[in-house]
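Quick notes on the structure that follows.
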Amino acid sequence: MLPKKHGWVIGVRATVRYLATQRSPKIEQKYTSTVNLPKTKFPARLSAEKRAEVEEQLRKSCLAELYHWNRNALPVENEFILHDGPPYANGDLHMGHAVNKILKDLILKHKIVSGTRVHYVPGWDCHGLPIELKALEAFNKKKSKTSLVQSPRQTAFEVRNTARRFALDTISKQKKGFESWGVTGAWHDDQGCYRSLDPTYIRAQLQLFYELYERNLIYRDLKPVYWSPSSQSALAEAELEYDEQHRSPSLYLKLALEHGGNSCPAISHHRLAEEDVYAAIWTTTPWTLPANQAVCYNPALDYSLVRSSAGELLLIGKDLIEYLSKQLDTSFTVLQIIPGTDLQTVRYHHPLNRQRVLPFLPATHVKAEKGTGLVHTAPAHGPEDFLVCLEQKIVIANLIDEGGRYTDRAPAFLQGKYALTEGNRLVTEALAGSSLKLSTIVHSYPIDWRTKQPVMLRASDQWFIDTDSLKKRALEEIKAVEIYPRTSSDVSKKVIEGQLRKRPYWCISRQRAWGVPIPVLYDTATKQPIISKPLLTSIEQRLMRESTIDFWWTAPVKELVPAEVLQQYGTSYDRLEKGKDILDIWFDSGVSWLTVLGKDRVADLYLEGVDQFTGWFQSSLLTSVAARGTSPYRAIFVHGFAVDENGMKMSKSLGNVICPQQIVKQYGCDALRWWVCAHATQNTSIPVSHKLLGSSAENVQKLRGILKFLLGVVAPRGPDVERQPPTGQLQQDLLHHIDRYFLHELDCFHRNVFELYDSYQHNKATAVILNFCLSTLSGLYLHVIKDRLYCGTREEHSNLKAILDHTYLTLAKTLWPIVPFLVEESWTFYDNDYFYKSTLKARSDCPNGAATRSVNAVQCALELRHAIYQQAQLNLNTWLLEVTVECDDNDLDLLSMLHPILKKHGRSTELCELLQIGSVALRRKEHDDGSGAHRFIITVAKSDASLCQRCRRFSVSETLPNPTCERCNVVLGQQ
């Protein structure tokens, strides 16, 4: 008997084996040729070499045309725009690239197969430190591991040439990789991709910079920014990583108050004659103490004058007494409670120079949660410190140079020393006499994402975008943006809103060579920046002539600056110098919408990793809001990061890297795509393992087996023979209830998968596809109809062929976005054109008639079948079973639709076909206790009748001379 397990796929070999192994002394092989077995040349399996050959052929002949066909053949209305976030052109492709590009392609292909035209222009981020470092490393340029200072022998022009060659070479390699994965795009069209080094891209960027400058949204100022001494450049928040095990000194320090704090009556009242009083502060950055310019207090807090067990008078926060007692391992006697407002007249001596007397300043950022309630304030090294001192019009003292070393303005013993290491040690040694406690703290500390070296907050003259002016509008825009996956939408929206709210400003200048120069001149006499429209026009014209902006570093000022600029600013060529800063790569990539979408269009979707909430999503939003007052995207889709099976980040040092090329070679491109679809959207960490990849390959192979079977029925002689009848021309009177049930399930399956695609729930889509294919289609429908399909009449076979034709088309539509190579390969055995072009052909849906009653009846029969198989001996041929079923009126009414012969046994009914048994008799249950515990009362007997030697289903009458049943005799008469 045929197996009936869920998920069994009927194939040609299994059918032949079944027909050939039935035990009967009268079997004649001549009946095999009368059975309509599926026939197709579509291979059941492909070797790795053959698979690579097929994929390459399809890539060149079929998928290469897809994007242009989509742009020309599909309607312009309701175009779907997916704006591609530019990956860095700085290395080989990894699993993160595969996740990102394949997810995008799943969405694009779903839109195309749905008849929607897509707009997708792949791009690359070609500038900035990541590429500069990779370029110099790749071409063996002399660089120090801890310092990225350019060699004196390397000019900016040489660095740029090296970086450009590296970026273009990387783009070429990555482009081939993306194309090999079947990603939709105009890969070989000069206008089909964008690169941030293209002259048109740079021109648009410079124009936007000038426009925002003219509107005062871009300005130059001295402010503390994250500064990387190892890169010698300012960094954006998104260019930081955090070392959770960083060790810093933890210093509690006492600062002597001027005149013992006599300016505050509450302090002077408890002070003995000539007794010193100290303000206690805490810092983990002793290297910033030379730049100390104030102590901040909170007027809303209360403070205490206490005497320590060592006899010293200390001023500390009232709410922190118990905390500090434990931290300093001492006891305090409270002498006086002092309102914060009384501290406004207090002054203190600088810890390293008692000649300098500095103020106490009010500030709301001071909290009573840890520390001392008084905050050491160095405006050159902290945003809050900077704003407080700016409000008080205090000139900022910056003692640290670009390399992170103390300048000649610092105390003599520190000059030339590296602040983050030597500075901490030398300062703590110098302040040993004023130390209350010195220890080490392990905490999270920002490091440069490329050099992995610590960064510092350092005041410098930089260019900024006025985010304060943009926040309100940006927050309004982000509220209207849909964020996927929806399960984390609220959290994701809070993340990006929180980032926008807390961002004080955006530093968009960087001190590197490889990037877009900020088009600014400086008057060497006044140090004032000069930006003008004639200067910008001159730069743009030369940029478009030379296709590169390298001339900014090589051409003399006279060649770049029109004479009218000199007249406008009343200066001369010898007083002008070109700016040396480049634009931040987040500004560089964040304005990509301008080149790809223009000033009018908004993308339907941005799709990138979850880390881009602090990066590209935000920079794109802010630049678009600044330029045109609207978000560049209507929706955001975020995905996680690939990790190994143990949840560890993949790295060469750990030896756990699995690269996409390796996966494609071993398992095939469709297996890689299936893995992405099944695993890349539900969690922040996306596990990559050979177990999961092997499982993906097995799933693709199962789908291949099902497509092979369907092709064997609907296209047995290949694409050159017209298939009759065409889809939609079923003979309604030949439809069984199981046919109607299946068509209903097929329609629901189609709509369900497309709805999951539309809501970007790809992992659920793969689960639905597998369940339908292995259970509803293969495990149920194909198993049940096998007798009609193989042994039935010409009309029955034709009707089933039409249903399975419709099934093949539906499966192709749902599978194509995930496994396009498999679908297109199978399509070559079905039709002469590419599958995706079939989306424009008129194909009516296969009618399912009045399906509701049929669905209910079949569902009832399936529940009965489950009950029978639990009771019957399944090691017998079930076509020999004679079953009597007692059930209630409702079930009897449904089952009688499938088996109109009540009480006596009937053999050729739909219910027998569904149950896969020889005969069944239905009877009304005489007594029903209403509990539902025994829904069906089943009696099973075994028949001794002989089965037809052709179909092995129907019994043969003893009076007939032929060893075949009446149905088979009719069919044989037609042949």
Close side-chain approach of L947 and N877, heavy atoms under 4.5 Å: yes
R950-T34 side chain donor-acceptor pair, cut-off 3.5 Å: yes
Salt-bridge present (D787, R953; N to O < 4.0 Å): yes
Aromatic ring pairing Y790/F709, orientation class (parallel under 30°, perpendicular over 60°, tilted between): perpendicular
D670 and P820, any side-chain heavy atoms less than 4.5 Å apart: yes
Distance-only polar pair, side chains of Y484 and S492, donor-acceptor under 3.5 Å: no
K111/D604 salt bridge by N-O under 4.0 Å criterion: no
Close side-chain approach of Y836 to W816, heavy-atom, < 4.5 Å: yes
Exam field: side chain T793 to backbone V971, donor-acceptor pair closer than 3.5 Å: no
Heavy-atom side-chain proximity of I938 to L864 below 4.5 angstrom: yes
Carboxylate-amine/guanidinium proximity below 4.0 Å for D893 and R924: no
Any donor-acceptor N or O pair under 3.5 Å, side chains H690, Y667: yes
Any F742 side-chain heavy atom under 4.5 Å of V858 side chain: no
Test item: C860 and R865 side chains (from C-beta on) under 4.5 Å apart, heavy atoms: no
Donor-acceptor under 3.5 Å (K813 side chain, T810 main chain): no
Lys/Arg-Asp/Glu bridge criterion (N-O < 4.0 Å) met for R117, E77: no
Result of checking K41, R704, K708, R51 against E825 for salt bridge (charged side-chain N to carboxylate O under 4.0 Å, His left out): R704
Donor-acceptor under 3.5 Å (H783 side chain, S778 main chain): no
Pairwise side-chain contact, C773 with L811, heavy-atom cut-off 4.5 Å (strictly under): yes
H736 and E913 side chains, donor-acceptor separation under 3.5 Å: yes
Test side-chain hydrogen bond (donor to acceptor under 3.5 Å, both in side chains) applied to D747 and H744, R751, H750, the passing residue: R751
Check ion pair K942-E882 (N to O, under 4.0 angstrom): no
Y741 and N856: side chain donor to acceptor below 3.5 Å: no
Side chain S798, main chain R794, donor-acceptor under 3.5 Å: no
Flag side-chain contact, heavy atom, 4.5 Å: W827 against L58: no
Residue that, paired with R673, satisfies side chain to side chain contact (heavy atoms under 4.5 Å, CB included) out of L106, L822, V700: L106
